[in-house]
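This report concerns only the one structure given below.
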Amino acid sequence: MASQEVSVHETLETAGDVVVRMTGISFAYQSKKLFSNLNLEIKRGNIYGLLGKNGAGKTTLLKLLSGQLFVQDGMVEVFGQNPQKRSPSLLQEIFYLPEEFPLPKMKANEYLAMLSPFYPRFDHTMFGVYCKDFDVDLNQRLDQMSLGQKKKVLLSFGLASNTALLILDEPTNGLDIPSKRQFRQTVASAMTENRTFIISTHQVRDMENLIDPIIILHDGSVIFNDAVASVSDKYVLNLTTSEPDREKTLYTEKVLGGWMVLSERTDESEGQPLDLETLFNVVIQTSKGTMGGVR
């Protein structure tokens with residue numbers, strides 16, 4: 001056991017700022033090719049948002065980097081280790097919350113006693129605080145909880161695990177409006193410079209002002225991996241009442257009252273902040289271009 005503790009320490013200390021490095025990744029489900037020469041780098045101390053259309057492979061990507069699926073070509077490193085080896089010293093530094101999950105027929109307290117020993121830095125006090133914030137009854141059986149309540153228990157567990165990497169797949173699905181607000185506040189409070197979050201979501205409005213940098217997955221590749229500011233500093237979004245010339249604009253969207261137009265920022269430019277939904281649409285539409293951090 002002592003050698004394993006040293007291994008964990010060495011893993012985190014020698015990995016530097018890079019938490020995840022995926023190079024030349026290829027992956028397919030039987031005859032359906034999903035990724036081809038995919039590259040991705042994720043750095044420590046950020047709350048990354050993973051965005052993509054339905055079927056883009058977001059969940060598959062998360063399972064590849066957490067060692068649940070194996071690449072067919074290329075290299076995956078998490079904290080400098082290969083997750084396919086499923087080393088206990090690495091797995092105790094990763095908490096993965098899937099979008100769908102089976103839970104045993106037991107009380108939340110029993111579930112806590114069963115699984116918390118797998119995470120050496122698990123904070124039982126903070127688990128109680130998170131559950132109280134989420135209004136979770138730890139004496140209720142997990143199988144009798146609603147989807148939202150089950151998700152709150154697992155979110156509380158993951159945050160209290162104090163793992164260096166937390167992977168959350170559609171974490172706000174099943175949460176009511178007050179719980180979504182509580183989720184944003186709780187995640188922000190649990191964030192430290194030594195932790196990294198990867199949050200895959202379709203609910204970009206739920207994640208506004210929380211996730212940044214943004215990773216966008218499209219057509220088997222990562223086409224954007226950068227901060228929102230990298231685009232906002234170069235481009236500006238304005239509302240115009242007259243239909244713009246689409247040949248002269250980078251992005252145009254018909255909205256109530258006119259058209260939203262994205263144009264290059266100048267010293268005199270004034271406009272609206274670039275929200276995540278628009279950023280996603282812009283990057284997808286201009287994926288063959290070079291705007292912002294598109295790669």
Side-chain angles (χ1 to χ4, degrees), residues 3-4 6-44 46-104 115 118-120 154 157-158 161 163-171 173 195-202 213-225 295:
S3 62
Q4 190 180 80
V6 172
S7 177
V8 173
H9 176 74
E10 290 177 349
T11 295
L12 298 178
E13 290 298 319
T14 61
D17 289 336
V18 177
V19 174
V20 173
R21 180 177 283 117
M22 306 180 80
T23 308
I25 298 302
S26 294
F27 183 84
Y29 288 105
Q30 295 180 348
S31 61
K32 181 183 178 182
K33 196 159 190 176
L34 192 58
F35 302 138
S36 179
N37 197 34
L38 180 145
N39 300 295
L40 175 64
E41 185 174 279
I42 291 175
K43 294 186 177 180
R44 186 193 306 270
N46 293 291
I47 303 177
Y48 282 83
L50 177 60
L51 310 181
K53 294 181 179 180
N54 291 334
K58 299 186 296 299
T59 296
T60 298
L61 182 69
L62 298 179
K63 288 184 175 181
L64 288 171
L65 65 87
S66 59
Q68 298 177 66
L69 291 174
F70 295 174
V71 300
Q72 276 123 31
D73 197 13
M75 179 187 70
V76 182
E77 288 185 333
V78 180
F79 297 117
Q81 296 191 31
N82 182 354
Q84 293 182 186
K85 295 181 178 180
R86 300 192 60 77
S87 164
S89 65
L90 176 61
L91 295 182
Q92 69 185 19
E93 292 298 338
I94 301 174
F95 180 82
Y96 179 89
L97 174 59
E99 181 178 7
E100 299 179 358
F101 43 83
L103 288 177
L115 289 185
F118 290 100
Y119 300 95
L154 292 185
F157 187 96
S161 69
T163 56
L165 176 60
L166 287 90
I167 302 171
L168 309 178
D169 194 353
E170 299 290 350
N173 280 1
R195 303 188 84 177
T196 303
F197 286 73
I198 306 173
I199 302 178
S200 173
T201 184
H202 285 105
I214 303 299
I215 300 167
I216 296 179
L217 194 59
H218 184 61
D219 286 344
S221 300
V222 173
I223 63 170
F224 186 90
N225 182 12
R295 307 178 198 276

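Numbers here are sequence positions counted from 1.
In this structure, CG on L168 lies 10.0 Å from OH on Y96, to the nearest 0.5 angstrom. Taken to the nearest 0.5 Å, the CD1 atom of I223 stands 5.5 Å off from the NE2 atom of H218. The structure places CD1 of I94 at 11.0 Å from OG of S161, a figure rounded to the nearest 0.5 Å. Rounding to the nearest 0.5 angstrom, the gap separating the CD1 atom in I167 from the OG1 atom in T196 is 10.0 Å.
Side-chain contact between L217 and L38: present, with at least one pair of heavy atoms (C-beta onward) separated by less than 4.5 Å. No side-chain heavy atom of I42 sits under 4.5 Å from any side-chain heavy atom of L165. Side-chain contact between I198 and V19 is absent, with no heavy atoms from C-beta onward closer than 4.5 Å.
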Handout entry: side chain to side chain contact (heavy atoms under 4.5 Å, CB included) between L61 and M22, worked out
Key = CA-CA 10 Å; L61 182 69; M22 306 180 80; 3.6 Å; yes

Checklist entry - What's the verdict on side chain to side chain contact (heavy atoms under 4.5 Å, CB included) for F35 and V71, showing C-alpha distance, side-chain angles and the deciding distance? => result CA-CA 9 Å; F35 302 138; V71 300; over 6 Å; no

task: Go through the steps for Y29 and L69 under the test side chain to side chain contact (heavy atoms under 4.5 Å, CB included), then give the verdict.
output: CA-CA 11 Å; Y29 288 105; L69 291 174; 3.4 Å; yes

request  = Quick one: do L51 and T201 satisfy side chain to side chain contact (heavy atoms under 4.5 Å, CB included)? Show the steps, please.
outcome  = CA-CA 6 Å; L51 310 181; T201 184; 3.8 Å; yes

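Between the side chains of N54 and H202, at least one donor N or O sits under 3.5 Å from an acceptor N or O.
Considering every non-hydrogen atom in both F224 and I214, the closest pair reads CD2-O, 3.3 Å. Annotation for Q92 and T163: closest pair O-CG2, 3.4 Å, computed over non-hydrogen atoms. Scanning all heavy atoms of the two residues, the minimum distance from V78 to P83 falls at CG2-CG, 4.0 Å. In terms of heavy atoms, L62 sits closest to S200 at CD1-CB, 3.7 Å. When all heavy atoms are compared, the tightest approach of N225 to I215 is OD1-CG1, 3.5 Å. Across L154 and F95, no two heavy atoms sit closer than the pair O-CZ, 3.5 Å.
Within the structure, salt bridge (charged side-chain N to carboxylate O under 4.0 Å, His left out) pairs that include any residue of residues 31-43 comprise R21-E41 (at least two apart or interchain). Residues in residues 48-69 take part in no salt bridge (charged side-chain N to carboxylate O under 4.0 Å, His left out) pair, two or more places apart or across chains.
At distances below 3.5 Å, not a single donor-acceptor pair connects side-chain atoms of R195 with backbone N or O atoms of L166. A donor-acceptor pair under 3.5 Å is formed between the side chain of N82 and the backbone N or O of Q84. For N39 (side chain) and G24 (main-chain N/O), a donor-acceptor pair under 3.5 Å exists by modelled atom type.
Partners of Q72 under the side-chain hydrogen bond (donor to acceptor under 3.5 Å, both in side chains) rule, at least two apart in sequence or in another chain, do not exist in this structure. With sequence neighbours excluded, no residue forms a side-chain hydrogen bond (donor to acceptor under 3.5 Å, both in side chains) with E77. Among residues two or more places apart in sequence or in another chain, the side-chain hydrogen bond (donor to acceptor under 3.5 Å, both in side chains) test is passed with N37 by none. Q68 meets the side-chain hydrogen bond (donor to acceptor under 3.5 Å, both in side chains) test with S66; sequence neighbours excluded.
Ring geometry for F157 versus Y119: interplanar angle over 60°, hence perpendicular rather than tilted (30 to 60°).
By the 6.0 Å contact criterion, CZ on F70 is enclosed, its count of non-hydrogen atoms from other residues, nucleotides or ligands being greater than 12.
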